[in-house]
Amino acid sequence: MLRTALRRALAVLFAVGTAFGLEAQSTAASPRLYVLDGGVLKSETARYRLTDADVEEVELSVASFLIVHPRGVLLWDAGAVADRERGGPVGFEQRLLRRDGQERFVKLAPSLESQLKAAGYEPADVTHLALSHYHWDHTADANTFAHAQWLVPKLEHDAMFRADPPGGTRPETYSALRNSSRTTLLTGAEHDVFGDGSVVIRQAHGHTEGHTVLYVKLAKTGGVVLSGDLYHYPAERTLNRLPTFEVSEAETQAAREELEQFLRRTNAALWIQHDLVAHRKLEKAPEYYD
Ligand SMILES: [Zn+2]
């Protein structure tokens, strides 16, 4: 309660500061976008209807993002290995079991909490949580953020908590969200998180029932779309290939076409979250994009 009041007071102060030109340059506050490294995921290109020759790197990055806005702090995606289940130091190859029994391997990056702290934030400071979708490599630390307002498409929420959840999930990683009173079920094509158009969740169904991408409008960097798993490899985009495990290939195809139009219209850049080559080049927290 006190914490919320304090945050609101800070937001007001920030707004007042901006109104009096205390903030350098522009009057519109730009969010800050922090890139959090979730390690390296072993992959097989055949799952994406590609061959190793089609890609520069077979392994995939795992990424989460912290978006800091005057009206709140949004975590986008929650990693592949929860901090509390880490089996070794940075570089350790962790084995994970999906709900359907398939195993996956992730080479550990520093813990999510340590990266948040490096940027100056505690998990308790995160006010909003959004997951691009429910697959295990995007939900690992979701339970840590059960205090935050969870923005989730109704379709995705229904699939996550049905009697027989999808095989690519690890339901234990998001179980604390189940009875959260702080859940906002999304039903529209877009959800403007902070009400000023700078952080927008966009429907991009198909990979899962309610898969989404995130548009972030940054003052200096420009517009950025965080892909979720609409693509994994850049070659999916250039060669027009779909993964073999979509909930709806037709919906993914339509979502890709819609997003390409959006990118052209807004001149935004697409950041493919699993693209290891691009991910390596991004500045990581505590550095940020604004
Ligand atoms: Zn993924």
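Counting starts at 1 for both ligands and their atoms, in listed order.
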Subject >> Identified side-chain contact (heavy atoms from CB on, under 4.5 Å) counterpart of Val81 within the set Thr173, Leu96, Asp141 >> reply: Leu96
Subject >> Candidate list Leu214, Leu33, Val216, test side-chain contact (heavy atoms from CB on, under 4.5 Å), partner Leu74, passing option >> reply: Leu214
**OP:** Kindly give the atom name of the N, O or S atom of Asp137 closest to the Zn ion (ligand 1).
**Re:** OD2
Subject >> Minimum-distance atom from the Zn ion (ligand 1) among N, O or S atoms of Asp229 >> reply: OD2
Original post:
Is the distance from the Zn ion (ligand 1) to the nearest N/O/S atom of His232 under 2.8 Å?
Top reply: no
Original post:
Counting backbone and side-chain atoms alike, does His138 have an N/O/S atom under 2.8 Å from the Zn ion (ligand 1)?
Top reply: yes
Original post:
Centre of Phe194's six-membered ring, under 6.0 Å away, within 45 degrees of the axis: is that where NZ or CZ of Arg71 sits?
Top reply: no
Original post:
Do Arg264 and Glu260 sit within salt-bridge range, that is, some charged N less than 4.0 Å from a carboxylate O?
Top reply: no
